[in-house]
Colleague: 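One structure, pasted below without further comment.
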Protein chains: 2
Amino acid sequence: MPEPAPGSRPTLEAVAARAGVSRATVSRVVNGGAGVRQALVEKVREAVEELGYVPNHAARTLVTRRNGAVAVIIAEPEFRVFSDPFFEQQVRGISRELTAHDSQLVLLWVEGPGDYDRIGRYLGGGHVDGALAFSVHDNDELPSIIRRAQVPAVFGGRPGWPGATAGPAVPYVDCDNRGGAREAVRHLLSLGRERVAHIAGPRDQTSAMDRMDGYQDVLLAAGPGLIAQGDFTEESGARAMAELLEQRPDLDAVFAANDLMASGALRVLRERGLRVPEDVALVGFDDMTSIAEATDPPLTTVRQDIEGMGRLMVRLLMRVLNADEAEPGAGSAPGSVITPTELVRRASA
Amino acid sequence: MPEPAPGSRPTLEAVAARAGVSRATVSRVVNGGAGVRQALVEKVREAVEELGYVPNHAARTLVTRRNGAVAVIIAEPEFRVFSDPFFEQQVRGISRELTAHDSQLVLLWVEGPGDYDRIGRYLGGGHVDGALAFSVHDNDELPSIIRRAQVPAVFGGRPGWPGATAGPAVPYVDCDNRGGAREAVRHLLSLGRERVAHIAGPRDQTSAMDRMDGYQDVLLAAGPGLIAQGDFTEESGARAMAELLEQRPDLDAVFAANDLMASGALRVLRERGLRVPEDVALVGFDDMTSIAEATDPPLTTVRQDIEGMGRLMVRLLMRVLNADEAEPGAGSAPGSVITPTELVRRASA
DNA sequence: ATGAAAGCGCTAACAG
DNA sequence: CTGTTAGCGCTTTCAT
């Protein structure tokens, strides 16, 4: 345990002196040691160890123009967000992958429109190599801020704002919402269900819309009154279920756009004395285990690999960064990633 | 909207040329503009605007040795952590206050012993001006890592590890756990209750122990069988309540060390047909509104200003940083902060 | 394979 | 008040 001199850290210079080599050589060794004689490498390593040398990040950034930091932007239009287990998992994946890439996670917490200015300046200031953001709502200002700041970015979730499809493609990572929804509905049909209803999520979130599209892909002409609108909350799921039951008392299956709404629906179903899955089969989406495994009966649902998506966001960003380095400004079309989903069968369908 | 030249940002030099002054003058203006003629200030401001100049952080850090970033270390020995509402609030407070101090939040997520090494190196590498950590358990390695890295740090929650009291005092921010507990118990007594039980939190968390101490301060000789051990979970609260009821069926009040355990206790109380507060009065701790307001009856509890504590952690750290700057290495004894608590009366007591 | 030297962009004495 | 100058610690040609 080298006791560093209090006050000032040893520099490259000091290490060089100690090892009897030049600064350049020390630098090479510290950065991998390619093209340096083994004997010297060892001598330098020793000196580094003895002095407890740690490279000065600022100095390195100044010349390499890389700062080994990535911003994670958390916009908070709603109440929860952080305490959302979905979020926690995604950030965890990001954190892990960033660590693997020797990068730091700089958290940018946006609390209101007033913050956008600050965030824009920060992003534009070149403090981070790139940014990771989440496209929650369609009409979010964030994308344009990021574009203006000219910082490479990757989104979590397919962006849905107006010009998203036009112009330079915005790289994003999302799960196969539409395909997963199709699988859920097909599963319900395979169970012999004939009147499958859908509880949809908010209209301004692409994930919700994609899931509804998937539902409609399979049920080309979904009967009237079989789709109800929710907003991803438990309460809205309950309301939507009540509505559906009123319009179509004959329904025999429900596909809810997320587990939380499914649990709300389940509650109403039971209150009405309907048995799940005997009378009505129910499938959710997300496989938020804290919900899906806690309900009675446990929910059959569509799983997405949330942590994996977080990791992929980082990998994608790193690819953009490296492409940018090779050919700056080249529209290196990084493409997006859609991760597969998986139907998890439990007892509700 | 100045369209920055693609590829490279304008430097101080460029601004100086444009404004027809020296780099030094531009630097002065950019950093507040003290001692520069108004005419020049404006000329420089204009040039900055036109060129879309943004200071290079790395260059600035290199000379000032300040990087405007603070690490928030999240150790995760348990499952939840991030999704803990307590945590969310504290981090929110930290984030806000950091923003007010023009500092960035660098998130360091520690997932296991293997990560300590990396964290230690990072902290020691001078990438951040200081660190904020949370003292969850007594036997955590984190404090020693931080000390070795010689980075100024402030803890959230009174540290309880062995040498915490010896050596240089570790600044921390905590609420008045002991005083709050006293108030809770006194309230129960003022209601005429005579056999007040306590459901304690984990023995290796100072907050839990302090609350128990507060309980004992008031009930100098708490009768036998009036204290049961929990671990801050709902389930443990229920178990503890059952235990207490068995040992002291005559108890007429309970002070639980947190709201989660109180809600567990409440559940058991109701299962046994005991009325709250008529038969047994109940007080919790934390005022986690998502719990305290959701129970039936709503919980009387001890509120702590969690977000405020987060903000205070930052302020305290900034004070340490500034003291350090004035007199490096001086044991400037920053002291800790204990924030007051407040009894929130609802229906349970 | 190694070293010498030239900056990266900025701040902070120090002169004027 | 303003400009000149000297680095901060590191990487990176370019010689050798």
Side-chain angles (χ1 to χ4, degrees), chain A residues 4-5 7-45 47-48 51-69 102 124-127 129 325 328, chain B residues 4-5 7-45 47-48 51-68 102 124-127 129 325-326 328:
Chain A
S8 74
R9 300 177 189 297
T11 69
L12 250 201
E13 183 85 53
V15 178
R18 175 113 187 180
V21 299
S22 73
R23 296 208 310 263
T25 299
V26 178
S27 175
R28 288 180 189 116
V29 172
V30 169
N31 293 297
V36 178
R37 232 182 333 150
Q38 192 54 31
L40 277 196
V41 171
E42 269 157 36
K43 219 171 1 184
V44 171
R45 290 248 162 86
V48 165
L51 264 38
Y53 168 76
V54 180
N56 179 313
H57 196 66
R60 183 178 277 177
T61 297
L62 187 54
V63 33
T64 60
R65 276 119 197 301
R66 275 276 201 141
N67 29 30
D102 276 316
H127 297 145
D129 297 327
E325 191 166 331
Chain B
S8 75
R9 300 177 189 296
T11 69
L12 252 200
E13 184 85 52
V15 177
R18 175 114 188 180
V21 297
S22 73
R23 295 206 314 261
T25 298
V26 178
S27 175
R28 287 180 188 112
V29 172
V30 169
N31 293 295
V36 179
R37 232 184 331 151
Q38 193 53 32
L40 278 196
V41 171
E42 269 157 34
K43 211 157 28 169
V44 171
R45 289 248 162 86
V48 164
L51 265 39
Y53 169 77
V54 180
N56 178 312
H57 195 66
R60 184 178 276 178
T61 297
L62 188 54
V63 36
T64 61
R65 276 123 199 303
R66 274 276 201 142
N67 31 30
D102 276 316
H127 298 146
D129 296 328
E325 192 166 331

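None of the values given here were measured: they were computed from a predicted structure. A, B, ... follow the sequence lines: proteins, then strands. Residue 1 opens every chain.
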Colleague: Treating A/Asn67 as the side-chain partner and A/His127 as the backbone partner, does any N or O pair qualify as donor plus acceptor under 3.5 Å?
Modeller: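 Yes, A/Asn67 side chain to A/His127 backbone: donor-acceptor pair under 3.5 Å.
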Colleague: Answer whether the closest heavy-atom distance between the side chains of A/Lys43 and A/Leu40 falls below 4.5 Å.
Modeller: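 With C-beta onward as the side chain, the pair touches.
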Colleague: When the distance from CZ of B/Arg65 to P of D/dG9 is rounded to whole Å, what number comes out?
Modeller: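 That distance rounds to 4 Å.
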Colleague: Hey, is the side chain of A/Thr25 poking within less than 4.0 Å of OP1 or OP2 on C/dT2, counting only N and O atoms?
Modeller: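 Checking A/Thr25 against C/dT2: no side-chain N or O falls below 4.0 Å of OP1 or OP2.
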Colleague: What integer distance in Å separates B/Arg28:CZ from C/dA13:P?
Modeller: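 The answer, rounded to whole Å, is 12 Å.
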Colleague: Under a 3.5 Å distance rule, please check whether A/His57 uses its side chain to pair with a backbone N or O of B/Gly126 as donor and acceptor.
Modeller: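 Absent.
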Colleague: Does B/Arg9 place a side-chain N or O at less than 4.0 Å from the phosphate oxygens OP1/OP2 of C/dG9?
Modeller: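 The answer is no; no side-chain N or O of B/Arg9 sits under 4.0 Å from OP1 or OP2.
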Colleague: With heavy atoms under 4.0 Å as the rule, sort B/Val21 into base, sugar-phosphate or nothing.
Modeller: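 Answer is sugar-phosphate: B/Val21 comes under 4.0 Å of backbone atoms only.
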Colleague: Nearest to the side chain of A/Arg23 - C/dC10, C/dA6, D/dC8?
Modeller: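 That would be C/dA6.
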Colleague: Identify which nucleotide among C/dA13, D/dC8, D/dT11 has an atom closest to any side-chain atom of A/Asn31, counting heavy atoms from C-beta outward.
Modeller: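 Of the options given, the side chain of A/Asn31 lies nearest D/dT11.
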Colleague: Please compare B/Val63 and B/Gly35 by the position of their nearest nucleotide in DNA chain D and report the one closer to 5'.
Modeller: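 Checking each residue's closest nucleotide, the 5'-ward one belongs to B/Gly35.
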Colleague: With respect to the phosphate group of C/dG9, does any side-chain polar atom (N or O) of B/Thr11 fall under 4.0 Å of OP1 or OP2?
Modeller: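 For C/dG9, neither OP1 nor OP2 has a side-chain N or O of B/Thr11 closer than 4.0 Å.
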Colleague: Whole angstroms only, please: what is the CG-C1' distance between B/Asn56 and C/dC8?
Modeller: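 Those two atoms, CG and C1', are 8 Å apart.
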Colleague: Counting heavy atoms from C-beta on, name the nucleotide in C/dC8, C/dC10, D/dG9 closest to the side chain of B/Arg60.
Modeller: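 Selected nucleotide: C/dC10.
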Colleague: CD of A/Glu13 versus P of D/dG7: gap in Å, rounded?
Modeller: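 Spelled out: CD on A/Glu13 to P on D/dG7 is 13 Å.
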Colleague: Measure CG/A/Asn67 against C1'/D/dT11 and give the value in whole Å, please.
Modeller: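 The distance from CG of A/Asn67 to C1' of D/dT11 comes to 16 Å, rounded to the nearest Å.
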Colleague: With a 4.5 Å limit on heavy-atom distance, are the side chains of A/Asn56 and B/Leu62 in contact?
Modeller: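 Yes; the side chains approach each other to less than 4.5 Å.
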Colleague: To the nearest Å, give me how far apart CZ (A/Arg66) and C1' (D/dC10) are.
Modeller: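 Atom CZ in A/Arg66 sits about 17 Å away from atom C1' in D/dC10.
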Colleague: Taking CG from A/Leu62 and P from D/dT12, how many angstroms apart are they, rounded to a whole number?
Modeller: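 My rounded result for the distance is 12 Å.
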Colleague: When you measure from the side-chain N and O atoms of A/Arg37 to the phosphate of C/dT2, is any distance below 4.0 Å, counting only OP1 and OP2?
Modeller: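 Yes, within the criterion.
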Colleague: Just N and O in the side chain of A/Ser27: are any of them under 4.0 Å from OP1 or OP2 of D/dT11?
Modeller: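 It does, given that an N or O in the side chain of A/Ser27 lies less than 4.0 Å from OP1 or OP2 of D/dT11.
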Colleague: Which nucleotide, C/dA12, D/dT11, C/dG9, lies nearest any side-chain atom of B/Thr64?
Modeller: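 Side chain of B/Thr64 sits closest to C/dA12.
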Colleague: From C/dG3, D/dC10, D/dC8, pick the nucleotide closest to the side chain of A/Ser22?
Modeller: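 Comparing C/dG3, D/dC10, D/dC8 against the side chain of A/Ser22, the answer is C/dG3.
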Colleague: Quick one: are B/Arg28 and B/Val21 in side-chain contact, heavy atoms under 4.5 Å?
Modeller: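 Of all side-chain heavy-atom pairs linking B/Val21 with B/Arg28, none is under 4.5 Å.
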Colleague: Nearest to the A/Leu12 side chain among D/dT2, C/dG9, D/dC10, which nucleotide is it?
Modeller: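 Nearest to the side-chain atoms of A/Leu12, counting from C-beta on, is D/dC10.
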